[in-house]
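Okay, structure first, notes after.
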Number of protein chains: 2
Amino acid sequence: MANIKDIAKLAGVSISTVSYALNGSSKVTAVTAARIKAIAKELHYVPNAAARNLKRQETKIIGVFLTNFSGSFYGDLLQGIKEGLNQSGYDLIVCSSKQSHRLLPQRMIDGAIILDETFSSEELLEYANQGHKVVVMDRDLDHKNINQVHLDNKAGATLAMEHLIELGHRKLYVVTGTIGSFDSRQRIQAVKQTVGRNPDMQYIEIAGDFTKSAGVLAGKQITQEYSGPAAVFCLNDEMAIGIYEYLLTTNIRIGVDIHLIGFDNIEVAQYTQPRLATIDYSKRKWGVLASEQLLKLIAGIEVEPEHIYVTLIKGKSMGAVPIIN
Amino acid sequence: MANIKDIAKLAGVSISTVSYALNGSSKVTAVTAARIKAIAKELHYVPNAAARNLKRQETKIIGVFLTNFSGSFYGDLLQGIKEGLNQSGYDLIVCSSKQSHRLLPQRMIDGAIILDETFSSEELLEYANQGHKVVVMDRDLDHKNINQVHLDNKAGATLAMEHLIELGHRKLYVVTGTIGSFDSRQRIQAVKQTVGRNPDMQYIEIAGDFTKSAGVLAGKQITQEYSGPAAVFCLNDEMAIGIYEYLLTTNIRIGVDIHLIGFDNIEVAQYTQPRLATIDYSKRKWGVLASEQLLKLIAGIEVEPEHIYVTLIKGKSMGAVPIIN
DNA sequence: TTGTAAGCGTTATCAG
DNA sequence: CTGATAACGCTTACAA
């Protein structure tokens with residue numbers, strides 16, 4: 001592990017000259033700079049990040065925090081974030097687990113992008129109070145060191161609701177997300193608004209938690225109570241897949257007896273048969289926007305909270321109710 | 001951003017006393033320690049990682065490097081790695097991109113787990129030569145600072161081959177992975193061995209790259225050449241899904257006309273209809289093992305390279321060839 | 001153009 | 001039990 005001292009000794013110059021040479025300062029002759037660089041290369045010199053970070057008071061690393069690594073959900077999102085950051089010379093690291101929260105307050109990263117329920121909002125506000133920069137994608141937080149980029153949940157849920165109402169559905173199950181989840185709450189709120197405008201609708205809420213197994217459970221419950229066509233709005237695709245999978249084991253037909261619509265348009269959604277109706281949005285763009293917001297926050301540029309637009313994807317999993325005369 | 005100096009000033013003690021107190025040394029009275037801790041908490045003191053890393057010459061962070069973030073492939077694997085590491089007080093960060101390679105030589109991480117084709121083996125060997133600790137999961141590298149944990153590719157490919165031969169198949173397509181991929185090469189080798197033992201087999205290789213779109217292309221080619229039942233062994237599930245998806249748009253029936261088997265048992269494999277036959281293994285265990293190997297490497301404990309065992313998962317995508325008399 | 005030296009925030013050795 | 005002080009490796013005024 002060579003350091004600038006070693007190089008200085010070998011080159012017969014002082015460490016500051018080495019530092020200047022390696023950082024391309026014009027304060028040093030082209031010849032000595034070349035000589036120093038040659039020696040550095042030969043010694044396989046790599047600057048020590050800890051020392052440099054300590055001096056510069058920044059790491060040029062941004063952390064993205066996820067509740068977990070599973071689910072095909074995050075691929076494009078992370079890709080988007082990475083693109084945004086790399087362009088500006090920042091590196092991206094992805095973290096998941098309570099103990100890695102420390103990376104932010106300990107200043108191992110210059111900022112954080114949060115999509116992680118294991119952070120409490122109090123915790124985030126405290127970090128923000130200490131001057132740490134944060135972008136949240138999964139909650140609503142007002143602080144000068146926090147920016148937010150949200151999905152347009154209200155629009156998405158409303159699109160889904162209007163679609164199924166248009167298809168004639170009047171009996172509706174809604175499988176909710178984790179209690180306390182921002183996205184879940186916003187979606188439920190929009191659902192209730194739409195239901196409120198359609199007084200002839202029967203509305204049944206099933207508590208879920210965004211996981212596939214919650215979907216399976218919901219599927220069981222719905223099957224047991226089955227008494228004619230019903231629409232099921234799962235607040236994410238993962239749970240819709242759970243229901244789908246469960247219904248395959250019964251003789252209830254999806255898109256005929258039970259009608260399904262999800263949210264997120266995850267990859268598997270297109271492989272189900274019939275195709276899962278769902279709400280789509282650009283996960284990549286969501287990520288790009290989040291990274292941009294964080295970089296602006298770090299640079300001290302003020303920004304407005306932003307929204308990601310959503311669209312309806314129709315699928316045979318959500319069919320029309322036959323009109324009964 | 002309070003530091004120990006601030007605390008020392010407020011507590012009326014020296015910085016070394018503060019350091020001892022905060023690190024729970026017995027060299028300091030319980031009362032002063034308590035007083036110092038109280039002040040630290042009040043100031044929201046958090047030790048600066050850069051300074052600590054610089055002094056300690058370690059970061060207690062391990063980096064996992066992936067070629068990309070997409071694909072539902074990595075969830076369980078990362079979960080396994082994380083569990084292994086967290087137990088030993090290490091944090092996990094996940095990286096992807098050429099520029100983040102720097103984290104290893106710059107000593108921002110104490111070691112790396114590689115599942116990333118963007119690292120050349122030469123690059124890894126150079127890091128190893130500099131004393132950096134690495135575990136590789138995607139290649140074969142012999143160095144005292146590198147450990148390896150591989151899938152039993154040979155066994156997996158052989159299982160797949162024996163299965164399809166047993167079902168009567170004599171015409172075989174193999175869709176390969178990325179050229180130069182260790183897993184792909186090992187699997188092809190096993191395939192060729194089995195083919196060699198069955199001289200009546202017709203063997204056609206289609207170059208792929210482990211992506212779904214490569215599968216779609218392969219599907220097209222196979223369809224064009226179609227002249228009776230054939231088995232297709234895709235060297236990963238992702239490509240098998242590509243073929244599956246393409247065949248759905250044709251009137252060729254999977255498991256009847258074209259018989260498919262993949263490798264990995266990714267999540268979507270169970271949603272295809274008919275179910276995709278594939279080779280399964282515990283991705284979580286693979287991760288746990290990799291983290292254990294890395295920690296041992298760091299601790300200076302010698303270990304043997306390890307293998308992950310694989311099993312065959314049958315599926316209706318791979319049916320029997322009707323016996324023609 | 002190059003060298004000296006201070007400082008980033010910790011930890012740890014050595015005196016007191 | 002507590003306090004100076006050096007050291008970790010680097011950057012950067014300031015001096016020569």
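Residue numbers start from 1 in every chain, and the chains themselves are labelled A, B, ... in the order their sequence lines are given, proteins ahead of strands.
Note: NZ (B:K55) to C1' (C:dT11) measures 5 Å, nearest angstrom. Remark: C1' of C:dG9 and CZ of B:R56 are 12 Å apart, rounded to the nearest angstrom. Straight-line distance from the CZ atom of A:R52 to the C1' atom of C:dG9: 18 Å, rounded to whole Å. The nearest whole Å value for the distance from the NZ atom in B:K5 to the C1' atom in C:dA6 is 11 Å. With rounding to whole Å, B:D6 atom CG is found 11 Å from C:dC8 atom P. Atom CG in A:N53 sits about 14 Å away from atom C1' in C:dT10, given to the nearest Å.
Of the side-chain N and O atoms in B:N23, one or more sit less than 4.0 angstrom from OP1 or OP2 of C:dT11. For A:T32, a side-chain nitrogen or oxygen approaches OP1 or OP2 of C:dT2 to under 4.0 Å.
In terms of position along DNA chain C, the nucleotide closest to B:N48 lies nearer the 5' end than the nucleotide closest to the other residue of the pair B:Y20 and B:N48. Each of B:S14 and B:A51 lies near DNA chain D, and the nucleotide nearest B:S14 is the one positioned closer to the 5' end. Place B:Q57 and B:I15 on DNA chain D by their nearest nucleotides, and B:I15 ends up nearer the 5' end.
Nucleotides of DNA chain D lying under 4.0 Å from heavy atoms of chain A occupy a range whose first and last members, 5' to 3', are D:dG9 to D:dC14.
Not a single donor-acceptor pair, N or O on each side, falls under 3.5 Å between the base of C:dT2 and the side chain of A:T29.
Backbone-only contact: B:V46 has heavy atoms under 4.0 Å from sugar-phosphate atoms and none from a base.
A donor atom on one side chain and an acceptor atom on the other are not found under 3.5 Å apart for A:D183 and A:S181. No hydrogens or angles considered: nothing links the side chains of B:H132 and B:D110 as a donor-acceptor pair under 3.5 Å. Under 3.5 Å, the side chains of B:S19 and B:S16 contain no donor-acceptor pair of N or O atoms. For the residue pair A:D152 / A:Y281, no side-chain donor-acceptor distance below 3.5 Å is found, with atom types taken as modelled.
Within 6.0 Å of CD on B:E42 lie no more than 12 heavy atoms contributed by other residues, nucleotides or ligands.
Smallest separation of non-hydrogen atoms from A:Q293 and A:Q148: OE1-O, 4.0 Å. Here the closest non-hydrogen pair linking B:A50 and A:N53 is CB-CB, 3.8 Å.
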